[in-house]
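Heads up: the structure comes next, in C-alpha cells.
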Amino acid sequence: MKWLYGYFRPLRGRIGLELFIKTVATLMDLCIPWILGHIIDVVIPSRSTGLIAVWGTMMIVCSVVCVTGNIYANRLASSIARDTTESIRHDLFSKIMALSSVRTDSFTAASLVSRITDDTYNINNMTGRLLRLGIRAPILLVGGMAITLSMDAPLALVWIAVLPIAIGIFIAVSLRGIPMFSRLQSSVDRMVQVIRENISGVRVIKALSRTEYEKRRFSQINNEVSANEERANISMGLTNPAINMLLNIALSLVIFVGAYRVNSGRTGVGTIVAFTSYFAVILNAVLGITRIFVTVSRAAASAKRVGEVLYDEADLLREESDETARAFVRFRDVGFSYNKNRENLSDISFELNRGETLGIIGPTGSGKTTLINLLMRFYDADRGAVLIDGRDVRTYDSGELRGKFGVVFQNDMLFADSIRSNIDFGRNLPEEDINLALECAQATDFVSRLPKGIDTVLNPKGNDLSGGQKQRLLIARALAAKPEILVLDDSSSALDYGTDAALREALRTSYAGSTVITVAQRISSVKDMDKIIFLDNGKIVGLGTHDRLMESCEMYRETAELQMGRDINAAE
C-alpha cells in the first residue's frame, strides 16, 4: 500500500487541516466527562450557582466545538477520499488503456473492471474511515487511559489489563482475514466475467434457449462470492463482539471495585460517573479502531490488486533498429504463439510496397487476425521481425506506429454519440475528410435519411443500425484520417456484393495512396488485390495474384470454385 502515499501527498494541506480540526474536536470530547466529574465532586458541594454556570457553560462550549468540528472534519475527509479515488481511477484507466494485449489477457478484462470499480471503492472507504476515525479513535483511547489513570490509577488498571488480550485478537483476525478478502476479490472477478459474457451474448442465450443454464452458472459463481464474503466477514466480525465482551467485563469489574472504593472514601461519586463516561468513550474508540482494522484489511487486498496494474512493467518496449528501407510492409520469418506451446503463425514472410493492396484469406482459425495483431504490435513476434517503412515495429513509439493505421476490427463498436463524433473520434478532423470517408464507405445515402443526418445520436454499440450500416460507419471512421495503412479485418461481411464492389472501387480512386490490407472470407472481396495470401493452420500455403493462386494453390482454387458455385446457385 506504499504507493498510496503518492496520491495523498498533493492533498497534504487539506489532510493536515482535517487532522487538526479532528484533534481539537476530539480533545473537547475528552474534556466533557472530566468536567462532569469535577462538577459532581467539587462544584455542587460548594453550592455556588456562579461556578455551576461557569462549568456548565464550559461543557456546552466543548460540546458545540466537538459537534461542529467533527461535522466539518468528516465532510473534509469525504472530499479527500473522493479526490484521491478519482485520481487513482484516472491513472488506473490510463494504465489499462496502455496495457499490451498480452498483459490485458493476463489480467483478464473482468478482473480489470473489478479493480477499477470494486477495489477502488474499498480504497475510498478506507481513506474516508482512516481520516474520520484514524486520529479520533487513538486520541480517545490514549487520552481516556491517561485521564482515568490520573483520576484513579487502581480503577484504571482493572480495565487496562484486558488490552493485551484485545491486541492478540486483532493480530489473529488480521492474519486470517486479509487472505480471505484476496480470495473474495478473485471470485468477484469471475462473477464480473460471467455477467459480461451473459450481457454481451444475451441474444445467443435466448436464441438457443440457454437461459436456465446461464442462471445456474451465475448462481454457482454468485454462491461462491457470497460464501467467500460470508467467511471473510464472519472472521473479521468476530472482533466486535469479542472486544465488546472484554470491555464490558472490565466495566463490571470497575463498577464492582469502584463501589468498594466509594464506601471506603478513597474515590468520589463524580469520579465513578466520569469513569463510566470515559469507559463509554474508550469502548467507542476501541470499536472505531476495530472498524478501521476491518476496513484496512479489506482495502489492503484491493490496494495490492490495483498496484499490480498501476505498476505493471511495460513488456512491449521500444527498441533500436539498423534496418534499411526496402518494402513498405515486410514480414520476415515471423513465428508467434499465444500460449507459447503451439505456434499460431509459423514462418510468415512477405513484402508489400506502399500503395499496394493485400488480401488475406483462409479458413476460420488460420491466423488471419493474429497476423494483423502483430502488424499493429498488439503482440510481439516470438521470432522473426515485422517491419514498416524499413523499421522494425518494435522501434516505433506506440503513438507513431498506431498513427499510421486506420483499422476496422471484426468486433468493432460504435459509441452512444452522434455519427459525426463516432467518425471523428476526438481527432478534430476536417468536415470534408469526414464527408469523403462517408461517401467512400457507401454510407452517405442512409446517413442522409436519418432524422438529424450526421448529427443523429446512436444507441450504445450502434444497436439501432443494421449490421451493414454499422460496418459502413466503422469503415468511414478508419478512412477519415487518411491513413497510410488501412486494415479491414473481415469488415465487409455484412455488405452485399454490390456495396462491397462499390467500396473497393472507391478505395482505389479516393485513397489510392493508402496501403490496403483486407482480411476476408469471400474470394470476391480480395480477387482484385495486388497480392493475396492464403493461410492455413498459421502457414502461408499460397501467395500471389488471384490468377496465379487459381493455378498454383489447390486450396485457394477449391475455395473460389465452391463460393462461385454457391453464387451461381443463389442467382438461379
Side-chain angles (χ1 to χ4, degrees), residues 19-74 132-163 166 240 243-292:
L19 294 179
F20 173 76
I21 295 173
K22 182 65 79 171
T23 300
V24 172
T26 304
L27 292 175
M28 294 297 103
D29 200 1
L30 278 174
C31 290
I32 294 173
W34 183 87
I35 294 174
L36 178 62
H38 181 75
I39 291 174
I40 293 174
D41 284 345
V42 179
V43 177
I44 292 178
S46 71
R47 300 181 180 276
S48 172
T49 306
L51 285 176
I52 293 176
V54 170
W55 286 98
T57 302
M58 290 178 63
M59 285 187 68
I60 293 174
V61 170
C62 289
S63 299
V64 171
V65 172
C66 177
V67 171
T68 56
N70 277 319
I71 291 174
Y72 182 79
N74 289 343
R132 290 192 295 271
L133 294 176
I135 188 68
R136 175 177 171 81
I139 290 177
L140 289 178
L141 178 61
V142 175
M145 290 170 58
I147 294 174
T148 52
L149 280 170
S150 66
M151 293 173 67
D152 194 317
L155 277 180
L157 291 174
V158 171
W159 66 263
I160 289 176
V162 305
L163 287 182
N240 263 17
I243 298 301
N244 239 324
M245 182 184 70
L246 282 174
L247 294 182
N248 279 293
I249 289 173
L251 177 60
S252 300
L253 292 174
V254 165
I255 294 175
F256 181 77
V257 174
Y260 282 101
R261 293 179 65 80
V262 169
N263 280 338
S264 64
R266 286 177 288 181
T267 300
V269 175
T271 301
I272 298 298
V273 172
F275 244 88
T276 56
S277 297
Y278 277 117
F279 187 84
V281 169
I282 292 169
L283 176 61
N284 287 329
V286 173
L287 294 179
I289 292 174
T290 303
R291 290 193 292 272
I292 293 174

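All values below were derived from every heavy atom in this structure, side-chain atoms included, with hydrogens, water molecules and symmetry-related copies excluded. Please read all numbers here as calculations on a predicted model, not as lab measurements.
Distance check, rounded to the nearest 0.5 Å: CG of L140 to CG of L27 gives 9.0 Å. C66 contributes atom SG, which lies 8.5 Å from atom NZ of K22 (distance to the nearest 0.5 angstrom). L30 contributes atom CG, which lies 11.0 Å from atom CD1 of I35 (distance to the nearest 0.5 angstrom).
Listed by chain and number, the residues in a side chain to side chain donor-acceptor pair (under 3.5 Å) with R136 are D29 (sequence neighbours excluded).
The two atoms that bring C62 and C31 nearest to each other are SG-CB, 4.2 Å, heavy atoms only. Nearest heavy atom pair, residue A285 against residue A137, reads CB-O, 3.4 Å. Between G56 and I39, the shortest heavy-atom contact is N-CD1, 4.3 Å.
Using a 4.5 Å heavy-atom threshold, the side chains of I32 and L36 count as separate. Residues I135 and T26 have side chains not in contact (no heavy-atom distance under 4.5 Å, counting atoms from C-beta outward).
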N70 and R132: CA distance, side-chain angles, deciding distance, side-chain contact (heavy atoms from CB on, under 4.5 Å) verdict: CA-CA 8 Å; N70 277 319; R132 290 192 295 271; over 6 Å; no
Steps toward side-chain contact (heavy atoms from CB on, under 4.5 Å) verdict (V65, V24): CA-CA 8 Å; V65 172; V24 172; 4.2 Å; yes
